[in-house]
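Here's the structure we're looking at; comments come further down.
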Amino acid sequence: MRILKEIRTTVVLTLVLLVICCVIYPVFVFGAGQLFFPQKADGSLVLEASGKPIASMLLGQTFSADRYFVPRPSAAGTGYDSTSSGGSNFGATSQALHDAVKQRVADYRKANNLLQTQLVPGDAVTASGSGLDPHISIKNALLQLPRVARARAMSEDALKKLVDQYTDGRDFGILGEPGVNIIKLNLALDGKFR
């Protein structure tokens with residue numbers, strides 16, 4: 001009889017924890033997210049005027065035309081594939097990484113009309129850990145600024161104001177480095193984000 005009582009207690013406790021952990025808690029977290037952070041809880045999506053999602057402010061995308069700021073390289077799938085998030089796993093001694101970075105430095109200098117002596121920011125030639133980062137360093141954005149201004153027939157000063165507008169500061173004012181969200185910036189340049 002004691003064993004039946006133990007089994008019944010175990011089954012009841014399992015069902016109670018199942019309801020709490022698999023129903024009540026997820027519904028509470030979902031509801032709190034929708035109530036207090038609806039934009040973020042829904043993926044920080046950028047929508048067209050028709051309501052169709054065109055981007056997420058949290059995920060990088062490939063931009064390659066001269067009229068756009070170029071993101072940092074991505075090792076996620078075929079590039080910014082959110083289903084294949086991850087780094088390349090190449091170590092510092094990897095010849096493949098060395099060759100890729102060397103080629104990216106040359107391509108970056110050529111695309112942005114830089115001298116061979118000008119330093120190229122690390123984020124311009126290396127992927128982030130997730131491969132999905134939508135941010136580039138301020139230095140990277142400023143080096144690309146003349147190319148984008150020329151391609152869009154804009155003044156560099158006007159473009160610099162937009163770069164400043166879409167620069168995210170440090171988390172909590174102290175963590176990390178400021179970065180330019182190029183998803184927001186490129187969409188703003190196209191008039192699709194305010």
Side-chain angles (χ1 to χ4, degrees), residues 33 36-47 53-76 79-82 85-90 92 97 100-101 104-115 117-152 154-194:
F36 297 113
F37 313 103
Q39 165 69 0
K40 290 182 179 181
D42 289 338
S44 299
L45 297 176
V46 178
L47 307 174
I54 55 174
S56 169
M57 293 180 284
L58 304 174
L59 299 174
Q61 289 186 7
T62 301
F63 293 94
S64 56
D66 282 346
R67 55 186 284 119
Y68 294 111
F69 286 86
V70 177
R72 65 187 300 175
S74 174
Y80 300 100
D81 179 0
S82 60
S85 175
S88 67
N89 291 330
F90 289 132
L97 177 63
V101 168
R104 289 174 189 157
V105 167
D107 293 345
Y108 187 88
R109 283 192 175 125
K110 182 178 178 187
N112 294 294
N113 241 358
L114 301 179
L115 301 173
T117 56
Q118 282 182 277
L119 295 177
V120 173
D123 67 303
V125 295
T126 58
S128 67
S130 68
L132 303 175
D133 191 358
H135 293 88
I136 60 174
S137 67
I138 296 170
K139 182 175 182 176
N140 188 349
L142 294 178
L143 287 172
Q144 294 185 52
L145 194 139
R147 171 183 48 82
V148 176
R150 220 176 11 263
R152 289 186 178 267
M154 288 178 75
S155 77
E156 288 187 23
D157 289 337
L159 190 52
K160 171 78 169 75
K161 288 179 184 173
L162 270 178
V163 168
D164 292 341
Q165 182 179 346
Y166 293 104
T167 297
D168 296 332
R170 298 170 186 264
D171 292 332
F172 307 111
I174 58 169
L175 300 175
E177 292 296 321
V180 180
N181 188 314
I182 64 160
I183 301 302
K184 294 179 189 178
L185 178 58
N186 284 336
L187 290 174
L189 286 169
D190 285 347
K192 294 181 179 178
F193 186 80
R194 304 209 190 302

Would a 4.5 Å heavy-atom cut-off, applied to side chains only, mark P121 and L143 as touching? yes
Closest non-hydrogen atoms of R104 and A127, given as atom of the first, atom of the second and distance, are NH1-N, 4.5 Å
Check: M154 and L189 side chains under 4.5 Å, non-hydrogen atoms: yes
For S155 versus A158, what's the shortest heavy-atom pair and its separation? OG-N, 3.0 Å
Separation between CD of Q144 and CD1 of I182, rounded to the nearest 0.5 Å: 7.0 Å
Charged N-O contact under 4.0 Å between D164 and K160: yes
D123 side-chain N/O to S137 backbone N/O, donor-acceptor pair under 3.5 Å: yes
Distance col, row N112:CG vs R109:CZ, nearest 0.5 angstrom, shows 11.0 Å
Atom CG of N140 and atom CG of L145: how far apart are they, to the nearest 0.5 Å? 11.5 Å
So, taking the atom named CZ in F63 and the one named CG in L187, what distance separates them when rounded to the nearest 0.5 Å? 5.5 Å
Do I183 and Q61 have side chains that approach each other closer than 4.5 Å (heavy atoms only, starting at C-beta)? yes
Check each of N186, D168, D133, T167 against N181 using the side-chain contact (heavy atoms from CB on, under 4.5 Å) test, and report the only one that passes. D168
Are R152 and Y68 in a cation-pi setup, meaning NZ or CZ lies under 6.0 angstrom from the ring centre and within 45 degrees of the ring axis? yes
Check R67 with D190, please: is the shortest side-chain N to carboxylate O separation under 4.0 Å? yes
Side-chain touch L159/F69, heavy atoms, less than 4.5 angstrom: yes
For R72 and I136, indicate whether the former's side chain and the latter's backbone hold a donor-acceptor pair under 3.5 Å. no
So NZ of K184 and CG of L162: to nearest 0.5 Å the spacing works out to 13.0 Å
Just so I know, are the side chains of L175 and R170 near enough to count as touching, which here means a heavy-atom distance under 4.5 Å? no
